[in-house]
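The analysis underlying the following values was restricted to heavy atoms, covering all of them including side chains, and did not include hydrogens, waters or symmetry mates.
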Amino acid sequence: MENSNDIQNRINELESLMQDPDFWQDKSKAQDVLREFASLKEKKEGIGKYDKDNAIMTIISGAGGDDAEDFARMLYDMYSKYVVSKGYQWKVIHQHWNEHNGIRNISFEIGGKGAYGNLKNETGVHRLVRISPFNAKKLRHTSFSLVEVLPKFSKLEEKDVMLKPEDLKIEFARSGGPGGQNVNKRETAVRIMHIPTGIAVHASEERSQEQNREQAISILRAKIFKKAQAEKKSVEESMKFTKNTEIEWGSQIRSYVLHPYKMVKDHRTEAETSNIDAVLEGDLDLFIEAEKNL
């Protein structure tokens, strides 16, 4: 997939070409170049269109049982500390904890200028290797968690992803807090599934059913937008994709190794550090900047 730098380099080449007096002599060729130039400009604007916006981050524990759910909690703590260090704000949208204070899944909104642009490349599978605190034999254990970062759409941007009411399956349930404790006897929690794609979202932390519904709709729009980006298709084409969507634990983007040595390594950029304690305390600039410079 072309990145912003590749596109800008091609735009610069075309601009130089158009400054040549002989360029306009071949009208057919000139028209082709102008169309490519316009297309590249539109694509470049689209890549960073939402970078200044708020973000919605979801962390889902994967294979590994209690270890994976504890790892998801560690990632939540890590990103929370990063958010604070950048002066951002965050608000939980939906949460599902286990009895050991581990996270099965959690979604939260991150507010602040550039939040999505800074965090969008954190999307992917994260891998932890350590001596399991849940294993009596103290064996080394590998667990996985999925991080997903979406743009937070504003009212003005909702036109980019138009949802048909007949394509939505909406369910309501009682909201619950950490550890499964019921904190609200009314059915304010909302689950919405986009029937054509099978994408499902939850929102449960707002006080009213309507507020949670609006939050869930916003997340659903962002998920469909992200799906279109990943598939290199238009939003409309991605919404017609008729297949149940499942989380697939593919190759990890980053590994956090606590045993037999200490190392955090990003497998896309090769950025790495042995100071894993600092990373888990929210020092992510090394990895975020390396990804931006790809």
(Q) With side chain to side chain contact (heavy atoms under 4.5 Å, CB included) as the criterion, how do Ile110 and Ile56 come out once you've worked through the C-alpha distance, each side chain's angles and the decisive distance to 0.1 Å? (A) CA-CA 6 Å; Ile110 302 168; Ile56 296 171; over 6 Å; no
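- Put simply, the residue from Gln95, His100, Glu99 that forms a side chain to side chain donor-acceptor pair (under 3.5 Å) with Trp97 is Gln95.
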Q. Run the side chain to side chain donor-acceptor pair (under 3.5 Å) check on Ser204 and His94 step by step: do they pass?
A. CA-CA 5 Å; Ser204 59; His94 176 76; 3.0 Å; yes
Q: In sequence, state the C-alpha distance, the side-chain angles, and the governing distance for Tyr79 and Glu122, and then conclude on side chain to side chain donor-acceptor pair (under 3.5 Å).
A: CA-CA 10 Å; Tyr79 286 117; Glu122 292 298 291; 2.6 Å; yes
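- The closest side-chain donor-acceptor pair between Tyr88 and Asn118 falls under 3.5 angstrom.
- Rounded to the nearest 0.5 Å, atoms CG (Asn101) and CD1 (Ile103) are 7.5 Å apart.
- You'll find the side chain of Leu280 reaches within 4.5 Å of the side chain of Met74, heavy atoms only.
- Hydrophobic clustering of Ile, Leu, Val, Met, Phe, Trp and Tyr side chains at less than 4.5 Å, counting indirect connections, unites Leu75 with Val92.
- With respect to the salt-bridge test (charged N to carboxylate O, under 4.0 angstrom), the residues Lys81 and Asp77 do not qualify.
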Got a list of side-chain donor-acceptor pairs under 3.5 Å for residues 256-265, not counting sequence neighbours?
{"from": "Tyr256", "atom 1": "OH", "to": "His126", "atom 2": "ND1", "distance (Å)": "2.9"}
{"from": "Tyr256", "atom 1": "OH", "to": "Arg254", "atom 2": "NH1", "distance (Å)": "3.3"}
{"from": "Lys265", "atom 1": "NZ", "to": "Glu270", "atom 2": "OE1", "distance (Å)": "3.1"}

(Q) As a quick check of understanding, evaluate side chain to side chain contact (heavy atoms under 4.5 Å, CB included) for Asp53 and Phe153, giving each step before the final call. (A) CA-CA 8 Å; Asp53 290 355; Phe153 284 129; 5.8 Å; no
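- Proximity of a side-chain donor or acceptor of Arg268 to a complementary backbone N or O of Asn121 within less than 3.5 Å is detected.
- Residue pairs meeting the salt bridge (charged side-chain N to carboxylate O under 4.0 Å, His left out) criterion with at least one partner in residues 190-202, sequence neighbours excluded, are Glu171-Arg191.
- The ring pair (Phe, Tyr, Trp, His ring centres under 6.0 Å) contacts involving residues 266-294 comprise nothing, where partners must be two or more places apart or lie in separate chains.
- Here the side chains of Met18 and Leu34 are in contact, with some heavy-atom distance below 4.5 Å.
- Linking Ile, Leu, Val, Met, Phe, Trp and Tyr whenever their side-chain heavy atoms come within less than 4.5 Å leaves Val129 and Val125 in two separate clusters.
- In the hydrophobic clustering of this structure, Phe172 groups with Ile192; members are Ile, Leu, Val, Met, Phe, Trp, Tyr whose side-chain heavy atoms approach within less than 4.5 Å, directly or through other members.
- Between Thr273 and Val279 the shortest side-chain heavy-atom distance falls below 4.5 Å.
- By the 4.0 Å N-to-carboxylate-O rule, Glu148 lies close enough to Lys223 to be salt-bridged with it.
- When the side chains of ILVMFWY residues are joined at heavy-atom separations under 4.5 Å, either directly or via intervening members, Val84 and Phe108 end up in a single hydrophobic cluster.
- A salt bridge links Asp285 with Lys86; the closest basic N to acidic carboxylate O contact falls under 4.0 Å.
- Taking 4.5 Å as the limit, some side-chain heavy atom of Tyr116 sits within range of a side-chain heavy atom of Val149.
- Looking at Ile224 and Ile199, their side chains come closer than 4.5 Å, going by heavy atoms from C-beta outward.
- Side chain to side chain, Glu69 and Asn98 meet the donor-acceptor criterion of an N or O pair below 3.5 Å.
- Rounding to the nearest 0.5 angstrom, the gap separating the CD1 atom in Ile106 from the CZ atom in Arg73 is 11.5 Å.
- In this structure a side-chain-to-backbone donor-acceptor pair under 3.5 Å is missing from Ser218 to Glu214.
- Ring centers of Phe144 and Phe71: at least 6.0 Å apart, outside the cut-off.
- The residues Asp32 and Lys29 are annotated as not salt-bridged, no charged nitrogen and carboxylate oxygen being separated by less than 4.0 angstrom.
- In summary, Asp67 and Arg130 engage in a salt bridge, as defined by a charged side-chain N under 4.0 Å from a carboxylate O.
- Arg104 and Ser61 share no donor-acceptor pair across their side chains, judged by distance under 3.5 Å alone.
- Side-chain contact between Ser85 and Val83: absent, with no pair of heavy atoms (C-beta onward) separated by less than 4.5 Å.
- Here the side chains of Thr58 and Val147 are not in contact, with every heavy-atom distance at 4.5 Å or above.
- The main-chain N or O of Glu206 is found under 3.5 Å from a side-chain atom of Asn212 such that the two form a donor-acceptor pair.
- At a threshold of 4.5 Å between non-hydrogen side-chain atoms, the residues Leu163 and His194 count as touching.
- A side-chain N or O of Ser208 and one of Gln211 form a donor-acceptor pair less than 3.5 Å apart.
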Q: For the pair Ile170 and Val190, evaluate side chain to side chain contact (heavy atoms under 4.5 Å, CB included) and give the outcome as yes or no after the intermediate values.
A: CA-CA 7 Å; Ile170 303 177; Val190 177; 4.1 Å; yes
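- Contact record, Glu109 with Asn54: OE2-ND2, 3.3 Å, taken as the closest heavy-atom pair.
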Q: Go through the steps for Glu272 and Leu286 under the test side chain to side chain contact (heavy atoms under 4.5 Å, CB included), then give the verdict.
A: CA-CA 8 Å; Glu272 63 180 49; Leu286 169 67; over 6 Å; no
